[in-house]
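Got a structure for you, questions after.
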Number of protein chains: 2
Amino acid sequence: MRLRVLIVEDEEALIEPLKYNFTKEGYIVDTALDGEIALDKIFNKPPELILLDWMLPKISGIDLCKRIRNNKETKNIPIIMLTARGEENDRIQGLEMGADDYVTKPFSINELLARAKAVIKRARPIFAEEKITFCDISLNIATHKVFRGDKEIKLGPTEFNLLRFFLENIERVFSREQLLNHVWKNDALVEPRTVDVHVRRLRKVLNTNNKKDYIRTVRSAGYSFGHN
Amino acid sequence: MRLRVLIVEDEEALIEPLKYNFTKEGYIVDTALDGEIALDKIFNKPPELILLDWMLPKISGIDLCKRIRNNKETKNIPIIMLTARGEENDRIQGLEMGADDYVTKPFSINELLARAKAVIKRARPIFAEEKITFCDISLNIATHKVFRGDKEIKLGPTEFNLLRFFLENIERVFSREQLLNHVWKNDALVEPRTVDVHVRRLRKVLNTNNKKDYIRTVRSAGYSFGHN
DNA sequence: CACTTATGTTACAGATTTGTTACAGAAGTA
DNA sequence: TACTTCTGTAACAAATCTGTAACATAAGTG
């Protein structure tokens with residue numbers, strides 16, 4: 001299947017080379033010069049990938065991102081932000097809003113293509129909700145606090161990220177490799193079995209007072225989080 | 001102080017992103033679906049900013065604006081009008097009636113946020129003496145005095161700003177970079193670890209007589225201020 | 001059952017992150 | 001100016017987290 005990519009960019013000089021290279025790489029390329037056009041096209045016929053310039057006329061990148069993420073049909077479409085150099089805040093904001101990755105202008109086409117491939121591969125739902133809950137577990141992203149019932153649970157950084165990822169993807173089974181990609185970010189060189197250890201740690205701390213275990217082991221497939 | 005903003009808008013699709021973004025920006029957001037509710041809320045507990053849709057059920061924007069301006073308690077509250085494209089007359093009328101600024105739908109959230117910041121800043125001096133308290137800590141912005149219980153605490157300028165920022169954003173975790181942006185203002189070139197030192201100083205002076213520590217370290221994420 | 005494979009569990013060394021301190025230079029004051 | 005106070009940084013100490021290996025246990029297979 002040829003994947004469709006929508007390039008949302010108002011700088012015409014950038015559009016052409018992008019279009020050329022993505023087409024050459026086998027994508028079906030469409031473009032939108034501003035956020036309004038983009039929204040229209042996205043909701044009309046959702047592409048498999050969106051390249052999104054953060055500085056846009058009419059509808060800002062953040063707004064567009066938000067709207068894409070809030071629509072059931074489009075919320076899983078991977079988004080790569082294109083930001084100007086040094087716009088650190090935009091990047092953080094963008095990632096918080098649910099962009100999957102970013103590249104900084106000027107960027108190498110090859111790098112962008114590589115990231116596009118990576119991001120499509122691990123397309124997943126992202127919700128930048130402040131608070132995620134599941135049964136008696138709640139995880140607050142803003143405060144980084146986690147509760148089971150009314151008992152606060154202290155988690156290390158990796159456990160926090162792991163739990164967050166699970167909560168964002170209830171019931172779905174992930175292989176160790178997938179978890180490494182999503183939770184550890186795709187740059188780390190880590191043994192798949194390491195996931196087991198962190199799952200164990202998470203289970204241990206989540207199941208104090210021998211409460212029900214939310215993490216399910218799916219033999220020879222991976223782990224999932226949900227009712228059991 | 002976290003500023004309260006009242007969004008007076010009947011278009012539900014607009015309320016959500018507005019609410020989300022203003023909340024994220026640190027405002028306390030309240031909404032009113034029509035002019036009657038709005039009036040009620042405004043006179044009951046005047047917000048620091050009003051976003052006012054010009055086309056409203058029950059009481060029109062113009063009417064609402066007039067009433068707000070005619071009341072001693074509320075006449076200085078900045079108002080930003082939200083108008084539909086091309087409603088030129090409304091805009092002029094609105095500005096005559098005392099709105100401070102306007103944006104035209106559809107608008108960029110970032111632009112609106114920028115304008116909100118600007119009008120509040122203009123209006124700010126009117127809301128002079130300010131005092132933020134949290135548990136046994138009180139910080140007076142006007143006098144720059146800080147107390148823990150009834151013991152005055154001497155703070156340097158940076159510690160004061162840092163504490164103020166924390167008090168304005170209870171429980172929320174901020175990365176070192178975020179703190180540098182907000183407390184040091186985004187112009188300074190300062191090592192992230194510098195934040196640690198100031199946090200340490202703040203802790204030290206805040207926790208005399210080995211009192212409870214309000215500043216929480218969130219490993220690999222940053223710091224937050226609140227109950228622990 | 002014996003055998004193979006996958007997962008659970010544990011301990012620990014090394015890595016990473018944060019706490020703490022001292023200090024030189026900047027900035028403010030009298 | 002002389003003096004005080006404040007700031008940012010570096011350097012080291014302490015705390016905490018991480019990944020791995022090694023072994024234990026459980027689950028499939030024929």
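These values consider heavy atoms only, across backbone and side chains, with no hydrogens, waters or symmetry-generated copies.
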Exercise. Within this structure, what is the CG-to-P distance between Asn161(A) and dT18(D), rounded to whole angstrom?
Worked result: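 Taking atom P of dT18(D) as the reference, CG of Asn161(A) is at 9 Å.
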
Exercise. Across the strands shown, which category fits Phe160(B) at heavy-atom distances under 4.0 angstrom: base, sugar-phosphate, nothing?
Worked result: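 Contact class for Phe160(B): none.
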
Problem set entry | Of the listed nucleotides dC17(D), dT18(C), dG19(C), the one nearest the side chain of Arg176(B) |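 Of all the options, the side chain of Arg176(B) is nearest to dT18(C).
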
Exercise. With sequence neighbours left out, what residues match Glu159(A) under salt bridge (Lys or Arg N to Asp or Glu O under 4.0 Å)?
Worked result: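 Listed in chain order: nothing, the list is empty.
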
Exercise. Just by protein heavy atoms under 4.0 Å, how would nucleotides 24-30 of chain C read 5' to 3' in B, S and -?
Worked result: -------

Exercise. Under 4.0 angstrom, heavy atoms only, what part of the nucleic acid is Thr217(A) near: base, sugar-phosphate, or nothing?
Worked result: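 Counting heavy atoms under 4.0 Å across all strands, the contact made by Thr217(A) is with sugar-phosphate only.
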
For this session: By nearest nucleotide on DNA chain C, pick out whichever of Ser220(B) and Val197(B) is the more 5' one.
Result: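 Whichever sits nearer the 5' end wins; that is Ser220(B).
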
Exercise. Once you round it to whole Å, what is the distance between C1' of dG14(C) and CG of Leu189(A)?
Worked result: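 Rounding to the nearest Å, CG of Leu189(A) and C1' of dG14(C) are 17 Å apart.
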
Exercise. For Leu162(B) and dC6(D), what is the distance between atoms CG and P respectively, to the nearest whole Å?
Worked result: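 Distance, rounded to whole Å: 15 Å.
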
Exercise. Taking the nucleotide of DNA chain D with the closest heavy atom to each, which residue, Glu191(B) or Leu155(B), is nearer the 5' end?
Worked result: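 That would be Leu155(B).
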
For this session: Could you say whether Gly156(B) or Thr158(A) is positioned toward the 5' end of DNA chain D, judged by the nucleotide with the nearest heavy atom to each?
Result: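 Its nucleotide being nearer the 5' end, the pick is Gly156(B).
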
Problem set entry | Length of the line joining Arg216(B):CZ and dG19(C):C1', which is rounded to integer Å |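 My rounded result for the distance is 18 Å.
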
Exercise. In whole angstroms, how far is the P atom of dT9(C) from the NE2 atom of His198(A)?
Worked result: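 Distance check: His198(A) NE2 to dT9(C) P gives 15 Å.
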
For this session: Only counting residues at least two apart or in another chain, list the ones meeting side chain to side chain donor-acceptor pair (under 3.5 Å) with Glu171(B).
Result: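 Glu171(B) satisfies side chain to side chain donor-acceptor pair (under 3.5 Å) with Lys145(A) once adjacent residues are dropped.
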
Exercise. Tell me, for nucleotides 24-30 of chain D in 5' to 3' order, what letter each nucleotide earns: B for a base near a protein heavy atom under 4.0 Å, S for only sugar-phosphate near one, - for neither?
Worked result: --BBS--

Problem set entry | For atom CG of Asn207(B) and atom C1' of dG19(C), their distance in whole Å |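 Those two atoms, CG and C1', are 14 Å apart.
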
For this session: Look at all strands and tell whether Val195(B) reaches a base, only sugar-phosphate, or nothing, counting heavy atoms closer than 4.0 Å.
Result: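 Here Val195(B) touches no strand at all.
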
Exercise. Can you find a donor-acceptor N/O pair under 3.5 angstrom joining the side chain of Arg193(A) to the base of dG8(C)?
Worked result: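 Looking at the base of dG8(C), it does pair with a donor or acceptor on the side chain of Arg193(A) (distance under 3.5 Å).
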
For this session: Compute the centroid of each ring, for Phe134(B) and then for His227(B), and state whether the two points are separated by less than 6.0 Å.
Result: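 Ring centres of His227(B) and Phe134(B) closer than 6.0 Å.
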
Exercise. Considering residues at least two apart in sequence or located in another chain, which fulfil the side-chain contact (heavy atoms from CB on, under 4.5 Å) criterion with Ile153(B)?
Worked result: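 Result, side-chain contact (heavy atoms from CB on, under 4.5 Å) vs Ile153(B): Val146(B), Arg148(B), Leu155(B), Val205(B), Leu206(B).
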
Quiz: residues 214-225 of chain A side-chain donor-acceptor pairs under 3.5 angstrom, not counting sequence neighbours:
unit_1	atom_1	unit_2	atom_2	d
Tyr214(A)	OH	Asp136(A)	OD1	2.7
Arg216(A)	NE	Ser224(A)	OG	3.2
Arg216(A)	NH2	Ser224(A)	OG	3.1
Thr217(A)	OG1	Arg203(A)	NH2	2.7
Tyr223(A)	OH	Arg176(A)	NH1	3.4

Exercise. In whole Å, what is the span from the CG atom of Asp196(B) to the P atom of dC12(D)?
Worked result: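 In whole Å, dC12(D) P lies 18 Å from Asp196(B) CG.
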
Exercise. Has the side chain of Arg201(A) got a donor or acceptor atom sitting under 3.5 Å from an opposite partner on the base of dG19(D)?
Worked result: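 Such a pair is found, so the answer is yes.
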
Exercise. Between Lys154(A) (NZ) and dC17(D) (P), how many Å, whole number?
Worked result: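 So the two atoms are 10 Å apart, to the nearest Å.
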
